[in-house]
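For reference, the structure is listed below as structure tokens.
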Amino acid sequence: QVQLVESGGGLVQAGGSLSLSCAASGVFITYVVGWFRQALGKEREFVAAISWGGSTTTYADFVEGRFTISRDNAKNTVNLQMTGLKSEDTATYYCGVSPGWSRDSKFYRYWGQGTQVTVAS
């Protein structure tokens, strides 16, 4: 079993930056880690994912080069560095782990409690 805790959210002005962190306990290294987000009244959507070794990443189209996902397996953490934030990035951000490579949240087994990101325009 894996337990995940997200942190780093907050209030930022449009154009600003935030760095989210996902800290894991349990067996973490063999999982794909993904970041998803859910805005109020909307479904959870994929943001980014990273392979267990960190060599492969993928991003949602709306990221447009603004976000970078990275992982440190020695520290059991995955980070999401976000720059050029827009008001439409406002959402609760969740990290999850999946045994396989996927952008679909239904394949992710464990989730954190989420961290709120609010971008003021």
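Numbers here simply count residues along the sequence, with the first being 1.
- V32 and I50 sit in two unconnected hydrophobic clusters of ILVMFWY residues. Membership requires side-chain heavy atoms under 4.5 Å apart, directly or through other members.
- Among all heavy-atom pairs drawn from A48 and L80, the shortest one is CB-CD1, 4.2 Å.
- Put simply, V97 and F36 are part of two different groups of oily side chains (I, L, V, M, F, W, Y) that touch within less than 4.5 Å, one to the next.
- When hydrophobic clusters are built by joining Ile, Leu, Val, Met, Phe, Trp and Tyr residues whose side-chain heavy atoms come closer than 4.5 Å, directly or via intermediates, Y31 is not grouped with F107.
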Does the pair Y94 and L4 meet the rule for a side chain to side chain contact (heavy atoms under 4.5 Å, CB included), with working shown?
CA-CA 9 Å; Y94 299 89; L4 305 170; over 6 Å; no
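- At least one donor-acceptor pair under 3.5 Å links the side chain of T83 to the backbone N or O of R66.
- With a 6.0 Å radius and a threshold of 12 heavy atoms from other residues, nucleotides or ligands, Q3 has its CD atom at or below the threshold.
- The minimum heavy-atom distance linking Y59 with R103 is given by the pair O-NH2, 2.8 Å.
- Considering all non-hydrogen atoms of both residues, W101 and T56 come closest at CH2-O, 3.6 Å.
- Hydrophobic clustering of Ile, Leu, Val, Met, Phe, Trp and Tyr side chains at less than 4.5 Å, counting indirect connections, unites Y93 with Y110.
- Atom OG of S121 and atom NZ of K86 lie 13.5 Å apart (nearest 0.5 Å).
- A cation-pi geometry, defined here as NZ or CZ lying under 6.0 Å from the six-membered ring centre and within 45° of its normal, holds between R37 and F62.
- The shortest distance between side-chain heavy atoms of M82 and V12 does not fall below 4.5 Å.
- Contact between E43 and Q38 at its shortest, heavy atoms only, is C-CG, 4.0 Å.
- With hydrogens and angles disregarded, a donor-acceptor distance shorter than 3.5 Å links the side chain of N73 to the backbone of W52.
- Considering every non-hydrogen atom in both A49 and Y108, the closest pair reads CB-OH, 3.8 Å.
- Looking at R71, its side chain does come within 3.5 Å of a backbone N or O of S51 through a donor-acceptor pair.
- Among all heavy-atom pairs drawn from A120 and L11, the shortest one is CB-CD1, 4.2 Å.
- Note: F67 and W35 fail the aromatic proximity criterion, with ring centroids not under 6.0 Å apart.
- Not one N or O on the side chain of N79 forms a donor-acceptor pair closer than 3.5 Å with the backbone of Q81.
- No single ILVMFWY cluster, assembled from side-chain heavy atoms under 4.5 Å apart, contains both L20 and F46.
- Checking side-chain atoms of E6 against main-chain N and O of C95 turns up a donor-acceptor pair under 3.5 Å.
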